[in-house]
Amino acid sequence: MRAITVRDRDADVGGLTLTDMPYPHPAENDVIVRVHAAGFTPGELDWPATWSDRAGRDRTPGIPGHELSGVVVELGYGTTGLNRGPAGVRTDRLDP
């Protein structure tokens, strides 16, 4: 999969690069969305969650873009309330 990624917090938008990333596999209660379009704001580069997870572990390279549309292609174990197919996502919510 190809994605716009960030690795250097101090580089601002000049640090965005197109990167080949490994295909993600869904963990429990996760979904994989094949993204057709995504929205990005430069402010995302200031969000703590762009750079580290809730446990404080490094998340680089980060993939900004908190609003997107695409197709749910995989469901992780235990995922309920969603099916494969078209979806729109905005911060922390998947709208089937």
Side-chain angles (χ1 to χ4, degrees):
M1 122 183 154
R2 295 182 63 135
I4 299 292
T5 61
V6 293
R7 295 179 186 274
D8 182 354
R9 191 174 203 153
D10 296 325
D12 200 39
V13 294
L16 296 173
T17 58
L18 184 60
T19 307
D20 287 318
M21 299 291 292
Y23 184 86
H25 297 282
E28 186 173 343
N29 295 315
D30 280 351
V31 298
I32 301 297
V33 177
R34 180 179 299 123
V35 176
H36 294 186
F40 163 76
T41 64
E44 288 181 55
L45 301 179
D46 295 326
W47 297 351
T50 298
W51 305 103
S52 60
D53 66 14
R54 292 180 184 174
R57 295 178 296 241
D58 182 51
R59 292 184 75 178
T60 57
I63 302 173
H66 69 285
E67 297 177 331
L68 59 94
S69 66
V71 177
V72 174
V73 293
E74 286 189 62
L75 302 171
Y77 176 80
T79 301
T80 60
L82 295 169
N83 294 308
R84 293 178 188 210
V89 178
R90 51 185 190 256
T91 308
D92 296 329
R93 181 176 167 170
L94 184 64
D95 298 319

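Since the model is a prediction, treat every value here as computed from it, not as a measurement.
Cluster membership for Leu45 and Ile63, using ILVMFWY side-chain heavy atoms within less than 4.5 angstrom, is not shared. A single hydrophobic cluster is not seen to contain both Leu68 and Leu16; linkage of ILVMFWY side chains at heavy-atom distances under 4.5 Å, directly or through other members, places them apart. Residue Val72 is grouped with residue Val35 when hydrophobic side chains (ILVMFWY) are merged at heavy-atom distances under 4.5 angstrom, including chains of intermediate members. In the hydrophobic clustering of ILVMFWY residues, with side-chain heavy atoms under 4.5 Å counting as a link, Leu75 and Ile32 come out apart. Connection of Tyr77 to Val31 is not established within any shared hydrophobic cluster, with ILVMFWY side chains joined at heavy-atom distances below 4.5 Å, either directly or through further cluster members.
Between the Asp8 side chain and the Asp10 main chain, a donor and an acceptor come within less than 3.5 Å of each other.
To the nearest 0.5 Å, atoms CD (Glu74) and NE2 (His25) are separated by 7.0 Å. Atom CZ of Arg7 is separated from atom OG1 of Thr17 by 6.0 Å, given to the nearest 0.5 angstrom. For the atom pair CD of Glu44 and CH2 of Trp51, the computed distance is 11.0 Å after rounding to the nearest 0.5 Å.
The shortest non-hydrogen separation linking Ala49 to Arg59 is O-NH1, 2.7 Å. For Val13 against Pro42, the heavy-atom pair with the smallest separation is CG1-CB, 4.0 Å. Here the shortest heavy-atom pairing between Gly65 and Phe40 reads N-CD1, 4.3 Å.
Arg9 CZ: more than 12 foreign heavy atoms inside a 6.0 Å radius.
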Exercise for the section: Mind running side-chain contact (heavy atoms from CB on, under 4.5 Å) on Val33 and Val71 for me, showing each step along the way? Expected result: CA-CA 5 Å; Val33 177; Val71 177; 5.9 Å; no
